[in-house]
Amino acid sequence: MKVFVYGTGVMGKGISQVFAKNNHDVFLYNPTVENAIIALKNIERDFDSLVSKGKLSKDDMEKSMSRIKVIKTIEEATDVDLVIEAVSENLDVKKEKFEEVDQIIDKRAVFATNTSSLSITELAVVTNRPDKVIGLHFFNPAPIMDLVEIISSMTTSTETISFAKKITLEIGKIPVLVEEAPGFIVNRMLIPMINEAISIYSEGIATIEDIDIAVKRGANHPMGPLALADLIGLDICLNIMDTLHSEFGVDKYTAHPLLRKMVRGNKLGRKTKEGFYIY
Ligand code: CAA
């Protein structure tokens with residue numbers, strides 16, 4: 001199968017790696033080609049580390065790498081079966097990209113968005129193939145996390161849902177089917193939990209470290225909520241809280257002022273080298 005990945009941030013990179021490792025050809029695209037080249041180098045580095053741990057053979061690494069092609073124009077992506085959009089989490093930006101790609105990519109291709117909480121229906125209706133638009137929500141880090149939420153919109157056909165399920169299983173992930181709703185399943189629970197951890201810290205009830213230890217050791221999470229916020233990106237967490245709040249219109253989804261303040265101060269977590277922790 002041929003996959004066109006639009007976006008070379010953490011998710012675009014991780015998703016490309018997963019598809020290439022599972023024998024699919026990937027066209028990797030970012031309008032700023034230098035960013036796609038950096039992403040490709042990072043993928044190589046990640047594969048290299050698997051080789052050095054004895055988890056991947058050098059031969060398999062080379063085969064996987066050869067399946068990923070950085071392209072300079074969307075027109076170079078020919079005979080595509082699946083498009084995965086992983087650009088920034090902004091509805092207008094995503095709509096613009098969907099419209100652009102819809103004009104160029106093969107009419108039979110399914111369009112998937114990796115949005116973490118936005119409406120799939122709103123994206124579907126800007127294309128000429130609303131029945132072929134679906135949400136495929138991967139989790140960070142994509143090569144490690146097993147789950148993919150498959151989100152159907154008001155317009156997604158049952159054929160598209162079956163295709164998404166089949167391909168998710170084929171790349172070794174576990175699919176769950178979700179009807180479109182703000183935050184889907186995971187983020188509707190996970191991000192308010194992070195928001196609550198920020199409240200606990202802000203009220204002076206416990207330190208950052210102790211909040212994280214408490215959740216790791218008391219609830220058996222692999223990571224504490226504040227370390228997880230840094231991994232996800234505080235801007236993404238705020239974005240999701242704001243979407244939940246505006247869509248549901250209930251107070252329990254109000255973003256904590258400290259979360260908003262940190263985003264304004266560009267303390268976004270790992271990507272800016274500072275969030276609740278310093279990196
Ligand atoms: N990319 C690729 N591999 C990674 C990685 C990354 N970013 N981070 C860690 N790994 C690998 C490591 O190389 C290591 O591999 P080996 O076992 O082969 O050595 C393995 O993962 C475990 O890593 P570590 O030993 O360094 O650390 P860890 O055991 O603490 O695991 C973790 C790190 C996998 C990130 C783990 O802490 C974890 O699962 N955390 C929770 C992550 C999570 O909840 N993600 C979902 C976020 S929500 C989301 O993504 C949705 C959204 O829309 C916002």
Side-chain angles (χ1 to χ4, degrees), residues 7-21 39-57 60-61 64 84-91 94 112-120 135-151 171-176 178 180-195 197-198 212-213 215-217 219-244 253 255 259 263 268-271 275-277 279:
T8 57
V10 175
M11 295 312 292
K13 174 185 88 80
I15 292 167
S16 301
Q17 192 174 331
V18 170
F19 276 92
K21 193 162 170 247
L40 189 67
K41 285 202 178 114
N42 288 336
I43 293 172
E44 188 169 20
R45 194 201 51 204
D46 287 353
F47 276 139
D48 245 335
S49 111
L50 290 176
V51 171
S52 57
K53 286 179 198 160
K55 296 195 165 176
L56 186 73
S57 72
D60 282 344
M61 172 184 166
S64 300
I84 302 186
E85 167 279 309
V87 303
S88 62
E89 197 63 3
N90 174 304
L91 190 60
K94 285 187 189 286
T113 170
N114 184 51
T115 180
S116 46
S117 67
L118 298 172
S119 161
I120 318 296
L136 273 189
H137 186 213
F138 289 79
F139 292 79
N140 184 8
I144 303 287
M145 303 294 289
D146 278 345
L147 185 73
V148 175
E149 287 178 317
I150 298 180
I151 306 110
I171 57 171
K173 303 286 186 196
I174 298 164
V176 287
V178 197
E180 179 173 316
F184 319 133
I185 301 173
V186 176
N187 283 342
R188 180 161 163 189
M189 292 188 280
L190 189 65
I191 306 300
M193 183 196 73
I194 288 172
N195 200 51
I198 297 171
D212 278 352
I213 291 171
V215 176
K216 272 172 77 172
R217 310 307 287 211
N220 230 1
H221 289 205
M223 230 175 185
L226 299 173
L228 184 57
D230 281 357
L231 174 76
I232 294 169
L234 270 60
D235 51 339
I236 308 271
C237 294
L238 178 60
N239 217 299
I240 296 168
M241 282 307 291
D242 283 346
T243 301
L244 291 173
Y253 296 121
L259 174 60
V263 172
L268 307 183
R270 291 191 189 197
K271 61 183 153 189
F276 290 102
Y277 297 88
Y279 298 90

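As the structure lists them, so they are numbered: ligands from 1, and atoms in each ligand from 1.
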Determine yes or no for a side-chain-to-main-chain donor-acceptor pair under 3.5 angstrom, with Gln17 supplying the side chain and Pro143 the backbone. no
Does Glu180 reach the main-chain N or O of Ile120 with its side chain, forming a donor-acceptor pair under 3.5 Å? yes
Residue shell around ligand 1, heavy atom under 4.0 angstrom: Lys53, Lys55, Ser116, His137, Phe139, Asn140, Pro141, Ile144, Met145, Asn187, Leu190, Pro222, Met223, Leu228, Ile232
Within the side chain of Asn42, is there an N or O that forms a donor-acceptor pair under 3.5 Å with the backbone of Lys13? no
Is any side-chain heavy atom of Leu136 less than 4.5 Å from a side-chain heavy atom of Ile150? yes
With a 4.5 Å cut-off on side-chain heavy atoms, are Leu234 and Leu259 touching? yes
Return yes if some donor-acceptor pair links the side-chain N/O of Asp235 with the main-chain N/O of Val263 below 3.5 Å, else return no. no
